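This is a predicted model, so every value here is computed, not measured. Residue numbers begin at 1 in each chain, while the letters A, B, ... track the order of the sequences.
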Amino acid sequence: MTRLDLTRSPRALALLRSRWPQFLLRAITLAGFIFTILAGLMGSVVGSHNFAIIFVWIAWWTALKLAFIPFGGRSWCSICPIPMPGEWLQNGGILQPRGSMGIGLGKRWPKVLRGTWIQAGGFLLIGLFGALTLTSAKITAIVLLFILVLALALSLVFERRSFCNYLCPIGGFSGLYAQAGPVELRVKDTDICAAHIEKTCYTACPWGQYPLALKSSANCGLCMECLRVCPSENIAVNLRPWGSDLGPKTKHRIDEAFLGLVMLASALVDSAIFLGPWGQLKSAAYNIGSPDWFLFAGAFLITALGILPGLYVGATWAANRFGSTNASLRKSLAHYSQVLVPLGLMVWIAFTISFAFVKFGYVLPVVTDPLGWGWNLLGLTKSAGVGETTSFSLVLQVAMLTVGLFWSSRVALRISETIRQAAPLIAFSSLFTMAMLWLLVG
Amino acid sequence: MKKERIARWIVIILVLTAIGVPLGSWWLSRAQGTQIEIHARMPENGGWSIDTIQAKVGQPIHLRLTSDDVVHGFALGKSDMESWLSIFPGEYVETTLVFEHPGKYIFYCTRWCGLNHWRMHGEIIVTGEGDPIPGDSLPLFLQYNIDIDAPHYAENIPSSPPSVERGSRFSDRLPNYAIDKQTYFLTSPEGLWLKLRSEPSLSDLSDMDIWDIVRWIWDRQNSSNSQSLGFKLFMALASAAHGESGRGDGVMARGLPVMDHSNMGSGLVRPPDFTDPHVLLSASPAILEGKIIRGGMGTGMPSWGSILSRDQIHSIIDYLYTIAWESIK
Ligand SMILES: [Cu+2]
């Protein structure tokens, strides 16, 4: 296992230690977030010309899946503005570590609500009502505003980043796939930590993580607070091979399996709506509240909560039977959830590529005229053309799906005792990849 | 502590900028008020966001037009096709209008944007000094008291396509009234054919020869320019109802009942088939002019009298006869 510790470079260390670069980025994203809300509320009602729609659903959502997560794990979380206002109040300052100077009740998040269940539920809601936010800039803006206010309100009641940890669907999404990402934050020397009694890093961590216990990147938001407060410079930020958190020894919970399956179902259904050949399905997804929509919602929920989990449970059950140890099914469901991570990540990347090529032409026009009022801030010469699905994009999609299948199969083999034991999960991945291949490439 | 204060100011300034820029420019554009922003929407979605505009003689008004749904068009009543604008969703198109005469002007959508497209019109009320808008002459059907709703169906039609060229060979044998403009306006092709057929001086000609003459007379009443303008107007304004070929099968009219005398005036009906020569060869230009000016009286056809100039209407009539002549096999 090779790791490249970025903190060994004095320049990189200085950049990570200083609060300013990250603070400035977050201040800019906060302003951008608020501008997006206003643009959504006041700008053009034509979706393809509204900054909020294009910026959130094309530019940012694409960047998250094609850049932030695959190359930086939860790196978006480190510059996300949503918790910023709440933390200002919680910490009594904007440029300081967590402390007792702020306001807020600081309650612990209820135990029954822990895990990624609510995040998975939020993702299901995005799937069910997504078409509404995709077409209406106003509703996109209202959802963003609601998220900002909710995060602020929760930070006054609960401790740390409870919203990010337990509610934010994007947090769930990023966390799940960050396990496959090439960045991790770990302690350098465990003995130093063991001897350090104050645990300043745990106190400072807005995510409630203890770096010494960090085995997976799923819950670390890469905020660098621990690195800043550690008296022994014992925190490393490593570049690592992709998929390092996935292996026979890492610990996984059953809710990760559920989250992974919901993400797979969402990718499948989104592809069917936006890329599949069924105009009726598309109009059903868009006509929220109509009888057709209820059919669509039912089909979506059956896929996400019935068919896919059923297949996964079946595959895990079979794998369990082929194994020598008598692990409980529940444990195996959690263990094999790792297979869903590379599969889901690559499927989302392939899906994103399929429409990014077509839709990216919309981005520049809304940057130059963010409110759709006929401005031309960048001085563009008349509308930049909207691209087309090229054969290059198709090849890329197939390549991504293939990588996903091989990668998840490799993970399945690594975490199984025998090839026979891995076979059911490989079959599950293959089946899912075929379905996506059919939808994307047709 | 000093750094903390700087950081807070940075956040506050950035956030205020993010709020201020859209709010401020919205307020500024409101305060200016010299230009009018109009959103076009399908009538089902509210039609023109502003459908009555006040203006003063000689004072320009700047319009900024955009569409919130599909492609629409903008035109002033009786304006040339060259001045028509297309309004694309999310894009802005600007135009400046100056009015010489006080009065009421019509503006309307020139693109078939949906079933209720015809309802998409508005008014510009121009006040101030000056002569009123010059009016059109009285429609022919009113001048000559013609019943434009009387059923008509040609009993006689040519057995093969008539030819302008062949018809022109008999030009020196024709009675004076035959090439009169008024005769053209008030007589249907079939009516003129019957009249010429009964002329003793032409009794040596065959039925087909007479049709060639009628075709030639119809042709010489109009310039070729008028025919191509008529074609363009027909395609832009009429084809959604009457069909591109004039068969009466436009997207708007598909599935509507065929008009007959039992359901006349009882609602939307299918437009007549102009490719059936029995239909148009029995109608005089005056009747067609009347129908176009007045509109369909409940058939769903709008009144074009306030939207098209008399010349534009005559061009369309000219083109309609071409459809009939060219449908004869
Ligand atoms: Cu229209």
In terms of heavy-atom contacts, A:Ala31 and B:Ala18 come closest through O-CB, 3.2 Å
Heavy atoms of B:Ile19 and A:Leu38 approach each other most closely as CA-CD1, 3.4 Å
Answer yes or no: does atom [atom1] of [X] have more than 12 heavy-atom neighbours from other residues, nucleotides or ligands under 6.0 Å?
X: B:Glu244; atom1: CD; answer: no
X: B:Glu100; atom1: CD; answer: no
X: A:Arg17; atom1: CZ; answer: yes

The reported gap from CH2 in A:Trp20 to CD1 in B:Ile10 (rounded to nearest 0.5 angstrom) is 4.5 Å
Are side-chain heavy atoms of A:Met84 and B:Val11 found at a separation under 4.5 Å? yes
Honestly, the part of A:Ile28 sitting under 4.5 Å from a heavy atom of chain B is both
